[in-house]
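Order of appearance sets the numbers: ligands from 1, and atoms from 1 within every ligand. Residue indices begin at 1 and follow the sequence shown.
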Amino acid sequence: MTTTTADEPMFQAWDVHKSFGHVEVLKGIDMSVERGEVVCLLGPSGSGKSTFLRCINHLEKFDRGEMWVGGQRVGYRPHGDKLKELNEREVAQRRSGIGMVFQGFNLFGHRTALENVMEGPVVVRREKRAVAEQRARDLLGRVGLADRVDNYPSQLSGGQQQRVAIARALAMQPDLMLFDEPTSALDPELVGDVLAVMRQLAEDGMTMIVVTHELGFAREVADRVYFMDGGVVVESGPPSEVLERPREARTQAFLSKVL
Ligand code: ADP
Ligand code: MG
């Protein structure tokens, strides 16, 4: 799908700025995620985490700075020796290489689990139904829902719906998965199953950026943690440093509240 080479980061951001009106919510974000790496993004509500993910996936435009996914510049393509802004079709094509899972499950309510997972490959990628269906069944099996393929979202628990949403994102064979608080809307007893699926995905080598308040997941699964507050990255590093021995007062204050 993308053109990255093995030794080049799957994702890079430099000095990304974004304002809504006069309010600057991203004030120069730098980030780099290697192929196969899992990065957890922590921070208080309103710090800009969702906005940052949405910019990566062309759901928002950013104002300044650069982002690259798999060797392609977010928002632009080469045009001679200049850059040209992506048109709608090009944006859709870029987005199809990135899987995104939100807090709400955003499934099509009138389609079964299987149909939800097949939708992207069939409609966007124009894959043959039989091919898309086989992969959808495999993916639903992988997230522990082999016996739920014919259920509608309303017949599934929140945790099951979120696992369908993960399978649906994976059906597009993304190079990068973005998760925006995927377990925040779930009843506590359903969180573990979703985290287990994400952990397996990480072990299978998926490149992931995960916004989460689940510090246990961050500690055990993340290669690196970024702590954001007020539109800046306050500190970043391995979880053993950022979570166990935070250097910055703001990180310490946040962790003492979440723990
Ligand atoms: P987080 O995900 O860390 O809670 P967000 O990225 O959702 O933070 O929001 C960062 C800031 O941007 C907040 O102050 C929020 O109110 C503001 N914001 C987010 N989206 C919009 C929007 N579409 N219009 C105006 N302000 C927005
Ligand atoms: Mg958010």
Exercise for review: Check each atom of ligand 1 against the heavy atoms of Ser50 and keep those under 4.0 Å away; list them by number with element.
Suggested key: 1 (P), 2 (O), 6 (O), 7 (O)

Practice item. Give the numbers and elements of all ligand 1 atoms closer than 4.0 Å to a heavy atom of Pro44. Key: 3 (O)

Review point. Looking only at heavy atoms, what is the nearest atom pair of Ala169 and Pro174, with distance?
Key: O-CD, 3.4 Å

Review point. Taking all non-hydrogen atoms of both residues, which atom of Gly158 and which atom of Leu190 are closest, and how far apart?
Key: N-CD1, 4.1 Å

Study note, to complete from the structure: In short, Leu59 meets Phe102 closest at the heavy-atom pair CD1-CZ, 4.1 Å

Practice item. Would you indicate whether the side-chain heavy atoms of Met228 and Leu26 approach each other to under 4.5 Å? Key: yes

Revision key, fill the gap. min-distance protein heavy atom vs atom 4 (O) of ligand 1 -> Gly46 N, 2.7 Å

Check your understanding: Taking only heavy atoms of Ser47, which atoms of ligand 1 are found under 4.0 Å from at least one of them?
Key -> 1 (P), 3 (O), 8 (O)

Exercise for review: Could you label the plane-to-plane angle of the Phe11 and Phe52 rings as parallel, tilted or perpendicular, counting under 30° as parallel and over 60° as perpendicular?
Suggested key: perpendicular

Study note, to complete from the structure: Within 4.0 Å of some non-hydrogen atom of Ser45, the atoms of ligand 1 are 4 (O)

Exercise for review: Return the residue, atom name and 0.1 Å-rounded distance of the protein heavy atom closest to atom 19 (C) of ligand 1.
Suggested key: Phe20 CE1, 3.4 Å

Point to revise | Least distance between heavy atoms, Ser47 atom then Gly230 atom | key: CB-N, 3.7 Å

Check your understanding: Looking only at N/O atoms, are Lys49 and ligand 1 under 3.5 Å apart anywhere?
Key -> yes

Study note, to complete from the structure: At under 4.0 Å between heavy atoms, what of Val25 touches ligand 1? The answer is side chain

Check your understanding: With a cut-off of 2.8 Å, does Thr51 place any N/O/S atom under that distance from the Mg ion (ligand 2)?
Key -> no

